[in-house]
Amino acid sequence: SSDLNTITVLDYDPSVTRISYASINDIVVGANPNDELLGLAINTTLNVVYVSDYSSSLVYAFDANTGLAMPGSPITVQANPGKMHWNPDSNLLVVSSLSTNSVTLINTQDLSLPVQTLNVGEFTSSVASATNGNGTALFTIFPQSNSIGIYDLDLSNPASSTQLLPTIVPPPLGA
């Protein structure tokens, strides 16, 4: 399909043709064929595909086996969502925002719960998170300042999260 709001699902089977079209129909995200889908994340535990719609400031969740929308989808997030990351240890989907200073945190165990936000001080184009025995870290890319922010994510109250280091800025060219 030439519509921007359509996802084609492929199957991978190395014993047959390797990659082929899945037995489910293309997934249509939202109603406007010109919406821009900038982010994609996969919850491998629940077999859910999350898609961020930049144009409508929504995140959609689809069952990866059927292509059907999950209960609670779509989810309203910060304006102009971009790339996303699903953390299997915290069950959080973190969504960047290309026009607000906050990232959105979605509890993927229950999409009907209210989303939470964390003010990171700048627009973000991409986010990731990682969990170990010391806690959960959130990594953000700030495209306007060409820098990176790293936060100790407070899972019980994300608004109370703290920045771990000063914003990381790359060295000048040739340095």
Side-chain angles (χ1 to χ4, degrees), residues 4-5 7 9 27 29-30 35-64 67 69-170:
L4 296 175
N5 70 329
I7 299 171
V9 181
I27 299 172
V29 181
D35 280 358
E36 297 178 66
L37 310 179
L38 296 186
L40 179 74
I42 300 171
N43 180 328
T44 56
T45 302
L46 299 175
N47 290 323
V48 175
V49 175
Y50 305 100
V51 183
S52 67
D53 184 340
Y54 174 88
S55 305
S56 68
S57 298
L58 296 170
V59 167
Y60 291 85
F62 297 98
D63 182 307
M70 298 295 294
S73 174
I75 304 148
T76 302
V77 296
Q78 296 293 306
N80 305 119
K83 295 179 182 171
M84 305 178 294
H85 181 259
W86 174 70
N87 182 325
D89 297 309
S90 66
N91 288 309
L92 282 179
L93 179 68
V94 185
V95 185
S96 66
S97 172
L98 289 158
S99 63
T100 70
N101 291 345
S102 297
V103 296
T104 302
L105 301 139
I106 299 169
N107 180 332
T108 60
Q109 292 295 104
D110 185 352
L111 299 179
S112 69
L113 292 174
V115 300
Q116 298 186 57
T117 59
L118 171 62
N119 185 328
V120 294
E122 293 186 49
F123 300 173
T124 55
S125 60
S126 188
V127 290
S129 65
T131 302
N132 67 18
N134 296 317
T136 299
L138 171 69
F139 306 90
T140 59
I141 294 178
F142 304 126
Q144 290 182 316
S145 63
N146 191 32
S147 61
I148 297 171
I150 304 173
Y151 301 83
D152 181 10
L153 191 57
D154 182 339
L155 297 177
S156 61
N157 182 13
S160 296
S161 300
T162 55
Q163 191 165 358
L164 289 174
L165 302 166
T167 302
I168 300 169
V169 179

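- Between the side chains of N87 and T136, no donor N or O sits under 3.5 Å from an acceptor N or O.
- Nearest heavy atom pair, residue P81 against residue S57, reads CD-CA, 3.6 Å.
- A distance of 6.5 Å separates CG in L98 from OG1 in T124, rounded to the nearest 0.5 Å.
- Among all heavy-atom pairs drawn from S73 and A61, the shortest one is OG-N, 2.9 Å.
- Annotation for P143 and F123: closest pair CD-O, 3.4 Å, computed over non-hydrogen atoms.
- Here the side chains of L92 and L155 are in contact, with some heavy-atom distance below 4.5 Å.
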message: Q163 vs V120, test: side chain to side chain contact (heavy atoms under 4.5 Å, CB included). Steps then yes/no.
response: CA-CA 8 Å; Q163 191 165 358; V120 294; over 6 Å; no

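- Defined by atom type and a distance below 3.5 Å, a donor-acceptor pair is present between the side-chain atoms of S156 and D154.
- Atom-to-atom distance recorded for S161:OG and L105:CG is 7.5 Å, nearest 0.5 angstrom.
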Pair I106-V95, side chain to side chain contact (heavy atoms under 4.5 Å, CB included): steps then yes or no: CA-CA 8 Å; I106 299 169; V95 185; 4.1 Å; yes

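- Looking at Y50, its side chain never comes within 3.5 Å of a backbone N or O of M84 through a donor-acceptor pair.
- Residues L111 and M70 come closest through the heavy atom pair CD1-CB, 4.1 Å.
- When T117, N101, V103 are each tested for a side-chain contact (heavy atoms from CB on, under 4.5 Å) with Q78, only one passes: T117.
- Judged as a side chain to side chain donor-acceptor pair (under 3.5 Å), and not counting sequence neighbours, the contacts of S147 are S145.
- Expressed to the nearest 0.5 Å, how far CG of N5 lies from CG of D53 amounts to 7.5 Å.
- For the pair Q116/N107, no side-chain contact is recorded, criterion being any heavy-atom separation below 4.5 Å from C-beta on.
- Note that CD1 of I150 and CD1 of I168 are 3.5 Å apart. Values are rounded to the nearest 0.5 Å.
- Under the 4.5 Å side-chain criterion, counting only non-hydrogen atoms from C-beta, N91 is in contact with W86.
- Under the 4.5 Å side-chain criterion, counting only non-hydrogen atoms from C-beta, L153 is in contact with L118.
- Between S96 and S125 the shortest heavy-atom distance is OG-O, 3.4 Å.
- Although no hydrogens or angles enter the test, the distance criterion places no donor-acceptor pair under 3.5 Å between the side chain of S55 and the main chain of D35.
- By the 4.5 Å heavy-atom criterion applied to side chains, V115 and T76 are not counted as neighbours.
- Note: D152 CG to S160 OG = 11.0 Å, rounded to the nearest 0.5 Å.
- Side chains of V59 and T104 form no contact here, defined as non-hydrogen atoms less than 4.5 Å apart.
- A pairwise comparison of heavy atoms in S102 and S97 identifies O-CB, 3.3 Å as the closest pair.
- Atom CD1 of I7 sits about 6.0 Å away from atom CZ of F62, to the nearest 0.5 Å.
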